[in-house]
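What follows is one structure encoded as structure tokens, with my remarks underneath.
Bear in mind that the values here come from a model prediction, so they are computed numbers and not experimental data. Naming: A, B, ... by sequence-line order, numbering from 1 per chain.
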2 protein chains.
Amino acid sequence: MSTASERARLPSIRDVARLAGVSHQTVSRVLNDHPSIRPETKAKVLDAISVLDYRPNLAARALVTSKSNMLGILSATIGEFGPTSSIAGIEDAAREEGYSVSTLNLPATSPEAIGNAVRQLSREQVDGIVVLAPQVRVFHVLRGMSVDMPFVTLQTASGSDGVSLSADQVAGARAATEHLISLGHSDILHLAGPQDWIEAESRMRGYLDGLREADLPTFPPIRGDWTADFGYFAGKELALRRDFTAVFAANDLMAIGLMHGFRDSGIRVPHDVSVIGFDDIPVAAHVAPSLSTVHQDFPELGRRAVRILLAQIRGEQVPEFGPLQTILRARESAASR
Amino acid sequence: MSTASERARLPSIRDVARLAGVSHQTVSRVLNDHPSIRPETKAKVLDAISVLDYRPNLAARALVTSKSNMLGILSATIGEFGPTSSIAGIEDAAREEGYSVSTLNLPATSPEAIGNAVRQLSREQVDGIVVLAPQVRVFHVLRGMSVDMPFVTLQTASGSDGVSLSADQVAGARAATEHLISLGHSDILHLAGPQDWIEAESRMRGYLDGLREADLPTFPPIRGDWTADFGYFAGKELALRRDFTAVFAANDLMAIGLMHGFRDSGIRVPHDVSVIGFDDIPVAAHVAPSLSTVHQDFPELGRRAVRILLAQIRGEQVPEFGPLQTILRARESAASR
DNA sequence: TTGTACGCGTTATCAA
DNA sequence: TTGATAACGCGTACAA
């Protein structure tokens with residue numbers, strides 16, 4: 001039985017050097033692919049490394065280089081499908097590039113909380129931060145506090161000149177709206193996301209653009225909170241006014257709740273009212289009626305964010321991505337009048 | 001405009017010492033709450049710290065203490081609701097205790113992949129690991145390779161003597177089964193999770209226990225993959241045999257897909273067949289018919305894991321938690337015959 | 001109660 | 001191509 005106190009010290013670069021019969025500095029050069037090193041020396045060193053199962057101490061390396069090979073994720077989402085999928089993409093892409101990932105969930109979106117979070121991440125020496133904080137205010141606070149570190153936001157706020165990217169939410173929302181229009185609907189409501197959310201704004205804009213283009217009347221949006229529960233209550237409320245034949249919900253969860261509310265109020269979807277959502281969550285195709293929605297590739301978004309961030313960190317040319325395509329998935333919940 | 005090259009060096013412990021007129025060691029003592037230090041000295045130091053906005057360099061600290069104040073999460077799940085919610089709980093609890101969190105998604109469950117992942121985390125000097133790798137084989141590999149670090153698994157494999165915890169899956173599954181029995185069903189199928197998954201085994205055992213207790217016939221389980229798509233195809237298949245009146249699906253996603261498959265086959269839920277799921281995902285209450293299921297508190301699971309892990313790391317008494325309660329949520333999809 | 005000297009494991013600099 | 005030496009910022013041991 002080995003106890004903690006007996007635990008042997010891990011081999012250091014000097015142990016490797018001793019075994020290989022070189023200086024520790026030569027070992028360091030091998031580790032960092034330094035060009036000028038004789039092949040046979042390199043072989044000896046690599047040999048010693050594998051014999052000792054040596055692994056460089058990342059803390060020591062971070063100390064001297066003041067680079068941690070670590071990326072931070074600053075997240076202000078609770079566990080929704082989209083952001084969660086993007087985070088997986090971020091982590092995978094980062095690991096592929098040899099970076100580890102430190103995740104931090106914002107407890108609040110107050111400027112102080114954001115400041116603390118960034119400071120914490122900076123204390124951890126992360127080389128860059130990916131921000132998944134879809135609230136507009138987080139975005140502004142971040143810009144205001146002049147973070148001394150490269151960072152990328154996954155959502156594009158309007159008028160942002162910083163580096164950021166996103167799927168083309170506006171186009172997707174517009175496609176959803178146009179789909180409803182093409183089915184013959186002219187009185188289309190929008191069940192929007194919360195006031196402060198960038199995505200909510202984009203999707204609402206797409207909705208407004210679509211209607212305006214078709215010279216159709218717009219309605220003041222209903223402000224939701226992304227949850228299915230809210231959608232349900234909205235459905236019950238909307239059942240009392242019947243001045244519409246279709247609803248575009250800003251996400252699938254609200255759309256599913258909405259259909260439930262309609263169902264409980266005797267409104268049949270799509271017979272009486274058509275519904276379309278956004279995100280294409282895994283159950284969208286399986287609810288009754290199956291939910292028309294707009295698909296987007298969340299993990300790819302995360303991967304792109306990492307590529308941009310790493311380019312910034314390394315001082316390389318920042319890649320230009322076109323907007324990530326969204327795909328309309330027409331299903332049963334939206335039908336012609 | 002300040003460029004990277006001009007970026008000032010962050011203040012070090014010596015800068016603080018100089019400003020406070022003490023030695024860097026005294027500053028260190030203040031930072032670590034050393035008992036013997038004169039209040040006025042401490043005040044001077046704290047003052048200097050705030051003037052300089054000094055923050056200790058974590059890499060340097062990690063180097064000298066060989067503790068990183070960082071926890072690792074080893075995850076082998078793709079983005080399902082349960083594990084994702086638990087991860088959020090882990091992160092929050094860890095941050096509250098002053099630990100940062102490094103997440104690593106397993107690309108595969110092969111022994112090599114697991115070994116690499118653990119080594120990577122150990123290179124990062126994490127002080128402990130929370131394992132969310134619900135596959136039995138991951139569990140075994142981990143036990144076999146004698147990890148030189150404290151670790152906790154979120155799932156309890158049968159016969160495990162290591163530290164681990166989980167909600168009482170067996171009891172929950174049994175409650176689900178008994179619910180169906182109490183509704184008058186006697187021919188109850190089980191749509192199980194994948195062979196290798198600990199949760200799948202537990203839920204199946206609960207199913208079997210429930211039926212055996214009631215002296216009812218058991219059926220060979222159908223092995224699914226947790227996805228709604230699989231549930232759908234299972235529904236279409238099962239529609240061809242009508243030797244059952246109820247199905248217990250091992251998770252909500254499969255249950256929802258299953259109901260879809262039944263619907264497409266002309267089988268009405270719950271009129272012809274009752275269905276019950278597991279997990280209580282956010283849409284469960286809103287699909288049609290609303291899905292009976294078993295609720296569990298995933299974030300709390302994560303928090304408990306952190307508490308256990310930290311106790312191990314600190315050499316404290318490891319807290320004993322009772323099994324996390326599961327709660328039956330009876331809804332429309334399961335009805336009496 | 002405080003300070004000095006040293007070492008943690010690595011990379012950078014300069015000389016050989 | 002290689003090696004000696006000096007940092008990096010902090011905590012620990014010991015001395016004052």
Side-chain angles (χ1 to χ4, degrees), chain A residues 5 7-46 48-49 52-70 98 100 122-127, chain B residues 5 7-49 52-70 98 122-127:
Chain A
S5 57
R7 201 155 75 197
R9 188 177 56 78
L10 290 172
S12 85
I13 198 170
R14 290 171 205 277
D15 300 319
V16 176
R18 198 171 312 121
L19 183 60
V22 298
S23 77
H24 77 276
Q25 177 51 278
T26 300
V27 177
S28 172
R29 281 194 257 265
V30 171
L31 290 173
N32 299 292
D33 287 321
H34 195 89
S36 57
I37 194 154
R38 211 188 318 153
E40 58 191 70
T41 315
K42 182 169 182 175
K44 271 194 305 187
V45 171
L46 289 177
I49 286 177
L52 296 177
D53 192 29
Y54 162 79
R55 316 213 152 244
N57 181 313
L58 296 182
R61 185 177 281 177
L63 176 59
V64 64
T65 60
S66 52
K67 294 193 183 316
S68 61
N69 270 282
M70 191 161 71
S100 57
S122 126
R123 255 167 60 103
E124 291 174 25
Q125 310 255 64
V126 299
D127 297 335
Chain B
S5 57
R7 200 154 74 197
R9 186 177 56 80
L10 289 172
S12 84
I13 198 171
R14 288 167 205 280
D15 299 319
V16 177
R18 198 173 310 122
L19 182 60
V22 298
S23 78
H24 82 275
Q25 176 51 347
T26 300
V27 177
S28 171
R29 283 195 255 265
V30 171
L31 291 173
N32 298 294
D33 287 320
H34 194 89
S36 57
I37 195 155
R38 210 188 319 155
E40 58 190 70
T41 315
K42 181 169 182 174
K44 272 194 306 187
V45 171
L46 289 177
D47 217 47
I49 286 177
L52 295 177
D53 192 30
Y54 163 78
R55 317 214 151 241
N57 180 314
L58 296 182
R61 185 175 281 177
L63 176 59
V64 65
T65 61
S66 53
K67 294 193 182 317
S68 62
N69 271 281
M70 191 160 70
S122 126
R123 257 166 59 103
E124 292 174 24
Q125 310 254 63
V126 298
D127 297 333

Rounded to the nearest Å, what distance is computed from the CD atom of residue Q125(B) to the P atom of nucleotide dG9(C)? 9 Å
Donor-acceptor pair, side chain of N32(B) and main chain of H34(B), under 3.5 angstrom: no
Restricting to salt bridge (Lys or Arg N to Asp or Glu O under 4.0 Å), what partner residues turn up for R38(B), sequence neighbours left out? E40(B)
Enumerate the residues from residues 58-70 of chain B whose closest heavy atom to DNA chain D is under 4.0 Å, giving them by residue number; use none for an empty result. A60(B), R61(B), L63(B), V64(B), T65(B)
Under the salt bridge (Lys or Arg N to Asp or Glu O under 4.0 Å) test, residues paired with R14(A) that sit two or more places apart: none
Would you tell me if any nitrogen or oxygen in the side chain of S23(B) comes within less than 4.0 Å of OP1 or OP2 on dG3(C)? yes
In whole Å, what is the span from the CD1 atom of I49(A) to the C1' atom of dG9(C)? 14 Å
Under the side chain to side chain donor-acceptor pair (under 3.5 Å) rule, collect the residues that match up with T26(B), sequence neighbours excluded. S23(B)
Chain B footprint on DNA chain D, 5' to 3' - any atom under 4.0 Å from a heavy atom: dG9(D) to dA13(D)
All pairs passing salt bridge (charged side-chain N to carboxylate O under 4.0 Å, His left out) where residues 54-69 of chain B contributes a residue, at least two apart: D53(B)-R55(B)
Say you draw a straight line from CG of L58(A) to CD of E124(B); how long is it, rounded to the nearest 0.5 Å? 6.5 Å
What contact category does I13(A) fall into here, base, sugar-phosphate, or nothing, at under 4.0 angstrom with non-hydrogen atoms? base
Any pair counted as salt bridge (charged side-chain N to carboxylate O under 4.0 Å, His left out), so long as it reaches residues 16-33 of chain B, sequence neighbours left out: D15(B)-R18(B)
V64(A): which residues meet the side-chain contact (heavy atoms from CB on, under 4.5 Å) condition with it, sequence neighbours left out? none
From CD1 (I49(B)) to NZ (K42(B)), nearest 0.5 Å: 10.0 Å
Counterpart residues, side-chain contact (heavy atoms from CB on, under 4.5 Å), relative to L19(A) (two or more places apart): A48(A), V51(A), L52(A)
Atom NZ of K42(B) and atom C1' of dT2(C) are separated, to the nearest Å, by 15 Å
Check side chain to side chain donor-acceptor pair (under 3.5 Å) between T65(B) and all other residues, then give those that pass, not counting sequence neighbours. none
Using a cut-off of strictly less than 4.0 Å between a heavy atom of the residue and any atom of DNA chain D, enumerate the qualifying residues of residues 24-34 of chain B by number. H24(B), Q25(B), S28(B), N32(B)
Measure from CZ on R14(A) to P on dT11(C) and round the result to the nearest Å. 11 Å
